[in-house]
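A quick note: this is a predicted structure, and the numbers were derived from the prediction, not measured. A note on names: the letters A, B, ... follow the listed sequences, proteins ahead of strands, and every chain is numbered from 1.
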Amino acid sequence: MLQLQALRQNTQAVKDRLAIKNFKNIEWIDEIIAMDDERKRLQLDSDTAQSKINAASKEIGQLMAKGQREEAETKKQEVVSYKSLLQPIAEKLEQVEKELNDKLVLLPNLPAAIVPAGKTPADNVVVREGGNKPSLSKDAVPHWDLIKKYDIVDFETGAKITGSGFALYKGQGAKLQRALSHYFLDFNTAAGYTEYLPPLMVNEATAYGTGQLPDKEGQMYYMPEDNFYMIPTSEVPVTNIYRDEIVKEESLPIKMTAFSSCFRREAGSFGKDVRGLNRVHQFDKVEIVQLVHPDKSYDTLDEMVQHVEKLLNSLELPYRILRLCGGDMSFASAITYDFEVFSAAQEKWLEVSSVSNFETFQTNRMKIRFKDSDGKTKLVHSLNGSSLALPRIMACLLENNQEADKINLPAALHPYFGAAFIS
RNA sequence: GGAGAGAUGGCAGAGCGGUUUAAUGCGGCGGUCUUGAAAACCGUUGACCCAAAAGGUCCGGGGGUUCGAAUCCCUCUCUCUCCGCCA
């Protein structure tokens, strides 16, 4: 959620920035400011009325103590009249506050200055590429054939058990998932991240905190009996660990990592790029999250990008890093770098990580703050990134390293997988 | 799932209808003393709305009763104890 103060102080800049994000209702900014003006007026009126009521009530107490019942009764009538004045003001105030908040909550985060303008993924900017694309033999096949050949992922049985888009990992496939998640977690904790294993369902307040609600409930699986949502990423529970807390400045940065399964309905995204492991409803991912001092968040962003890059290098996969354009960024993000690996047999770039700085957008919703050296309470900045999403990494490992009768694995995984290849 | 108890400031814990603008203790911060530290003593110590002052809001969340609610009522959530079920 954007800060009202910023809207008021930098009105034109906010409008310009929102335009880069292709936000359609720019006129909302002026409407919100007008509502806030009204809110302030009503607040003042309400406070004044309440103040009179409080003072009179106190007098009644004193009169009663002295046994002056009649005077007390007169005062009571006075308070009743104050209250009838207050009531319509209070109702109006509540209504204005609600309307204001409903609109404010639907404003996306402002893109950072270096975010390129643009509407579609075609407008994203390639920052750099790394690793080497393999030269596959003419017999090379995509991963959906390889998983059958080695019998390591079974989508048919997954569909039988649950539905389309639910993978059943088996044998070496299941073990590779385990190896990847352990390797990723070890890699992250070695860099100072504290490991968490969070709940996979969250309540409304948590889903609201990171920006999933109110706008994206259609993307999450929902349990109506308990009013819980299945998490689309562990970013949601992990970032909310510090919701409603004022942390000590010296405890920053707070670095957290978590493995979790992720659940996404992927409503409306079917038809393209959904084969095999490219897009599924349930997948595993290791996430990194940081809560940092506002002055440091862009340094942290670079640090996290480098961290993920190092991890991809250790997996010996060809990758590229994209700076997303305004139109392709998520609702809550101020800047996002996407990491894609090249899946050689399907000749496609697959997104395996997305590293973002949310600045105060999430922490303003969650009220995660710290006290600075002047004793002022300020919002921290939140960032997160995948390190990494497992299925697409697996697809890429399978395709890029395939030989006639085996699939080689990068050296980093050997101790975790217990072998150098899948056969 | 059943029965009972509870939720108060960073923590502990009193208050159970009107000097609570929330006692007291611990912790934190500042000071006195000390070569320094500890102890002792003194002072100070939350968040939110408002440009600020004044004022207002906040005792788990929401609603109600009342001139007045931390205190009474309803409801929801969570915690604890016992019983039941269960990996």
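Rounded to a whole angstrom, the distance from the P atom of B:rG2 to that of B:rG84 is 15 Å. Nucleotides B:rU19 and B:rA69, compared at atom P, are 12 Å apart to the nearest Å. Separation of the P atoms belonging to B:rU24 and B:rG36 is 32 Å when rounded to the nearest angstrom. Between B:rA22 and B:rC59, the two C1' atoms lie 8 Å apart (nearest whole Å). B:rC48 and B:rC72 are spaced 27 Å apart, taking the C1' atom of each and rounding to whole Å. Between B:rC80 and B:rU75, the two P atoms lie 23 Å apart (nearest whole Å). Rounded to the nearest Å, the gap between the C1' atom of B:rG28 and that of B:rG46 is 12 Å. If you take atom C1' in B:rC58 and the same atom in B:rA51, they sit 23 Å apart, rounded to whole Å.
Under the Watson-Crick and G-U wobble criteria, each requiring two contacts below 3.5 Å, nucleotide B:rC58 is paired to B:rG46. B:rG84 is unpaired under the criterion used here, namely a Watson-Crick or G-U wobble arrangement in which both key atom distances are under 3.5 Å. Base pairing analysis places B:rC26 opposite B:rG10; the two distances defining the Watson-Crick or G-U wobble pair are each below 3.5 Å. Shown here, B:rU79 forms a base pair with B:rA5; the pair counts as Watson-Crick or G-U wobble because both key distances fall under 3.5 Å. Nucleotide B:rA70 has no partner under the Watson-Crick or G-U criteria, as no pair reaches both atom distances under 3.5 Å. Here B:rA53 sits opposite no nucleotide as a Watson-Crick or G-U wobble pair (both hydrogen-bonding atom distances under 3.5 Å). Shown here, B:rU32 forms a base pair with B:rA40; the pair counts as Watson-Crick or G-U wobble because both key distances fall under 3.5 Å.
Scored by the side chain to side chain contact (heavy atoms under 4.5 Å, CB included) test, A:S84 finds no partners at all (sequence neighbours excluded).
In this model, the phosphate group of B:rC48 is approached by a side-chain N or O of A:R369 to a distance below 4.0 Å at OP1 or OP2. Between A:R39 and B:rC50 there is a side-chain N or O to OP1 or OP2 distance below 4.0 Å. Distances shorter than 4.0 Å separate some side-chain N or O of A:K58 from OP1 or OP2 on B:rU21. Remark: A:S57 is not in phosphate contact with B:rG18, judged by side-chain N or O atoms under 4.0 Å from OP1 or OP2. Note on A:N54: every side-chain N or O is 4.0 Å or more away from OP1 and OP2 of B:rG68. Close to B:rG10, at under 4.0 Å from its OP1 or OP2, lies no side-chain N or O of A:K248.
For the pair A:E78 CD and B:rU66 C1', the interatomic distance rounds to 17 Å; values are reported in whole Å. Atom CD1 of A:I89 is separated from atom C1' of B:rG55 by 14 Å (rounded to the nearest Å). Atom CG of A:N227 and atom P of B:rC78 are 11 Å apart (whole Å). Spacing between atom CG of A:N203 and atom C1' of B:rC76 amounts to 13 Å, rounded to whole angstrom units. Straight-line distance from the CZ atom of A:F370 to the P atom of B:rG46: 18 Å, rounded to whole Å. Rounded to a whole Å, the CD atom of A:Q3 is 12 Å from the P atom of B:rC48. In this structure, CD of A:Q50 is placed 13 Å from C1' of B:rC58, rounded to the nearest angstrom.
Checked against B:rC67, B:rU21, B:rA47, the side chain of A:V79 finds its nearest nucleotide in B:rC67. Here the nucleotide nearest the side chain of A:K40, chosen from B:rA51, B:rC67, B:rC48, is B:rA51. Comparing B:rA47, B:rG55, B:rC67 against the side chain of A:S51 picks out B:rG55 as the nearest. Nearest nucleotide to the side chain of A:D47, out of B:rG56, B:rC67, B:rG46: B:rG56. Among the nucleotides B:rG56, B:rC67, B:rG46, the one closest to the side chain of A:K76 is B:rC67.
Within the cation-pi definition used here (under 6.0 Å to the ring centroid, within 45° of the axis), A:R365 qualifies as a partner of A:Y208.
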For A:N240 and A:R243, run side chain to side chain donor-acceptor pair (under 3.5 Å): C-alpha distance rounded to whole Å, both residues' side-chain angles, the deciding distance at 0.1 Å, then the answer. CA-CA 5 Å; A:N240 272 276; A:R243 172 155 48 89; 2.7 Å; yes
As a quick check of understanding, evaluate side-chain contact (heavy atoms from CB on, under 4.5 Å) for A:E235 and A:F358, giving each step before the final call. CA-CA 12 Å; A:E235 161 201 343; A:F358 301 93; 4.1 Å; yes
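A:H381 NE2 to A:N364 CG: the interatomic distance, rounded to the nearest 0.5 Å, is 10.5 Å.
The heavy-atom pair separating A:S343 from A:C396 by the smallest distance is OG-CA, 3.9 Å.
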